[in-house]
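Beneath this line is the structure, given in C-alpha cells, with notes to follow.
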Amino acid sequence: MVVPAGAGLAVWVRHGEHLRIVDVEGGQVGDLFAFAGADPGEYLSASHTRTSTSRLFPRIGEQFMTNRRRPILTLVADTSPGVHDMLIAACDPERYRMLGAPGHASCADNVHHALAQIGLATDAVPQPVNVFMNIPVGTEGDLSWLPAVSRPGDAVTFTAAMDCAVVLSACPMDLNAINGQRPTSLAIDIMSPNPVAPERI
C-alpha cells in the first residue's frame, strides 16, 4: 500500500502481524501513530516508551509502549541507517500558519482524515514516532533539523503486540530540510506472523 507524498493512511494490524514501512525514494520522514483496537483512547506514547527503554528510540527487539504502559509495537528489523526521532510533534495547521503557509497539508490533519476512513476518531494527536527523521541532539540540548538519511527501499519493521489501528503520514513538510524540501511517498506492507529475526538486517 502506497502512502502518497504529503498524505496519510490508516490500516488495521492484528496482534502478531508484521508492519513494514518502506521509504520508496529515500529521504522521507514518516509520522507513525498506533491506537489500541479496543479503545483508541489508548495509543502509542513516545514519552512512556522513552521511560520504559531509557533511550531516545528503541533498539531492535524493544517495545513501544502505550499511554497505559502496555506494549503496542515491537521494533524487529531496520535496514535504514537507524536514524529516527521521538521528540518532534506532528506538524499541524498552526505550525504552518506560524511559518507563513496557512492551509498547508499537515500530519495532524492526515491522522484525523485517515482514522475517519476506518471509522475511528481522536480528539488529540499523540506524539508520533518519526521514522527516518534526522533530529540530532547537541551536547547542550540543541536540536538540529537535518535531511533524512534513509535510502531508497530502506525499511523499518514492527510486530503488533496487540490489535491496533496504525496511521502513517508521509510528512508534507517542505519548508525545512527534513524531507530534502521535496516530500515523497512511503509504502506499508502488512505481513503474516512469520518470524522476523530481532536484529538489524
Side-chain angles (χ1 to χ4, degrees), residues 1-13 19-36 40-50 56-57 64 66-67 72-73 80 83-135 143-150 154-156 158 164-188:
M1 293 171 283
V2 173
V3 185
L9 180 69
V11 295
W12 288 105
V13 186
L19 172 77
R20 181 170 59 197
I21 297 172
V22 182
D23 189 350
V24 177
E25 297 185 34
Q28 174 62 42
V29 171
D31 284 37
L32 175 68
F33 308 83
F35 300 85
E42 181 177 9
Y43 49 80
L44 191 161
S45 167
S47 59
H48 289 81
T49 300
R50 293 193 303 267
L56 289 175
F57 199 85
F64 295 83
T66 73
N67 55 321
I72 188 167
L73 297 175
S80 79
V83 178
H84 310 286
D85 167 75
M86 291 201 311
L87 296 176
I88 302 302
C91 58
D92 54 30
E94 182 62 15
R95 166 81 161 143
Y96 288 109
R97 189 194 67 77
M98 294 171 67
L99 292 173
H104 196 288
S106 72
C107 288
D109 282 346
N110 287 345
V111 171
H112 293 300
H113 297 327
L115 285 177
Q117 294 300 309
I118 60 170
L120 296 179
T122 180
D123 292 331
V125 175
Q127 161 71 53
V129 171
N130 297 306
V131 294
F132 310 127
M133 193 172 190
N134 184 12
I135 306 289
L143 302 179
S144 297
W145 300 73
L146 302 182
V149 295
S150 47
D154 277 349
V156 183
F158 307 86
C164 55
V166 170
V167 177
L168 179 65
S169 175
C171 182
M173 174 57 75
D174 55 3
L175 303 178
N176 64 28
I178 63 168
N179 296 312
Q181 297 181 319
R182 188 184 72 87
T184 55
S185 61
L186 298 170
I188 297 176

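Because the structure is predicted, anything quoted here is derived from the model rather than measured.
The backbone N or O of G30 sits nowhere less than 3.5 Å from a side-chain atom of N130 that would complete a donor-acceptor pair. For the pair S144 (side chain) and L146 (backbone), a donor-acceptor distance under 3.5 Å is absent. With hydrogens and angles ignored, the 3.5 Å screen pairs a side-chain donor or acceptor of N179 with a backbone N or O of M173. Under the 3.5 Å distance criterion, the side-chain polar atoms of Q28 are matched with a main-chain donor or acceptor of T184.
Annotation: side chain of L56 is not in contact with side chain of M86 (no heavy-atom distance under 4.5 Å). Proximity of C107 to P128: side-chain heavy atoms (C-beta onward) are nowhere separated by under 4.5 Å. Side-chain contact between F132 and V83 is absent, with no heavy-atom pair separated by less than 4.5 Å. The side-chain heavy atoms of W145 and I135, taken from C-beta on, include a pair separated by under 4.5 Å. Side-chain contact between V156 and R20 is absent, with no heavy atoms from C-beta onward closer than 4.5 Å. L115 has its side chain within reach of V167: a pair of non-hydrogen atoms, C-beta onward, lies under 4.5 Å apart. Using a 4.5 Å heavy-atom cutoff, the side chains of L99 and N176 are not in contact.
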Open item on the list: side-chain contact (heavy atoms from CB on, under 4.5 Å), that's the test. Do V129 and F57 meet it? Break it down for me.
Closed with: CA-CA 9 Å; V129 171; F57 199 85; 3.5 Å; yes
Open item on the list: One pair to check against side-chain contact (heavy atoms from CB on, under 4.5 Å): T122 and F35. What are the steps and the verdict?
Closed with: CA-CA 9 Å; T122 180; F35 300 85; 4.2 Å; yes
TODO: Check step by step if side-chain contact (heavy atoms from CB on, under 4.5 Å) holds for F33 and V125.
DONE: CA-CA 9 Å; F33 308 83; V125 175; 3.6 Å; yes
- [ ] I would like to know whether I21 and L32 meet side-chain contact (heavy atoms from CB on, under 4.5 Å); could you show each step before the answer?
- [x] CA-CA 9 Å; I21 297 172; L32 175 68; 3.8 Å; yes
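For the atom pair M133 CE and L87 CG, the distance stands at 9.5 Å (nearest 0.5 Å). The distance from atom CG of D154 to atom CD of E25, rounded to the nearest 0.5 Å, is 13.5 Å. Within the model, atoms CG of L44 and CD of Q127 stand 9.5 Å from one another, a figure rounded to the nearest 0.5 Å.
Looking at residues two or more places apart in sequence or on another chain, you find a side-chain contact (heavy atoms from CB on, under 4.5 Å) between S45 and S47, H48, N67. Among residues two or more places apart in sequence or in another chain, the salt bridge (Lys or Arg N to Asp or Glu O under 4.0 Å) test is passed with R95 by none. E42 meets the side-chain hydrogen bond (donor to acceptor under 3.5 Å, both in side chains) test with T66, R70; sequence neighbours excluded. Residues satisfying the side-chain hydrogen bond (donor to acceptor under 3.5 Å, both in side chains) test with Q117, not counting sequence neighbours, are none. For Q181, there are no side-chain hydrogen bond (donor to acceptor under 3.5 Å, both in side chains) partners two or more places apart in sequence or in a different chain. Not a single side-chain hydrogen bond (donor to acceptor under 3.5 Å, both in side chains) links N134 to another residue, sequence neighbours left out. In this structure A5 satisfies the side-chain contact (heavy atoms from CB on, under 4.5 Å) test together with P183, sequence neighbours excluded. Take D174 and apply the salt bridge (Lys or Arg N to Asp or Glu O under 4.0 Å) test, not counting sequence neighbours, and it matches no residue.
Pairs engaging residues 96-105 under the salt bridge (Lys or Arg N to Asp or Glu O under 4.0 Å) rule: E94-R97 [sequence neighbours left out]. Note on residues 111-133: no pairs pass salt bridge (Lys or Arg N to Asp or Glu O under 4.0 Å), not counting sequence neighbours. Each ring pair (Phe, Tyr, Trp, His ring centres under 6.0 Å) pair with one or both residues in residues 86-129, not counting sequence neighbours, appears once here: Y96-H104. Within the structure, no pair that satisfies the salt bridge (Lys or Arg N to Asp or Glu O under 4.0 Å) test touches residues 98-113, not counting sequence neighbours.
A 6.0 Å sphere centred on CE of M98 holds no more than 12 heavy atoms belonging to other residues, nucleotides or ligands.
The minimum heavy-atom distance between L73 and A34, with the atom names listed, is CD1-CB, 4.2 Å. When all heavy atoms of C91 and C171 are compared, the pair lying nearest together is SG-SG, 4.0 Å. Contact record, A10 with I118: CB-CD1, 3.8 Å, taken as the closest heavy-atom pair. The heavy-atom pair separating I188 from L168 by the smallest distance is CG1-CD2, 3.6 Å. Contact record, I178 with V29: O-CG2, 3.8 Å, taken as the closest heavy-atom pair. In terms of heavy atoms, A108 sits closest to A90 at N-CB, 4.4 Å.
Inspection of the N110 and S169 side chains reveals an N or O donor paired with an N or O acceptor under 3.5 Å.
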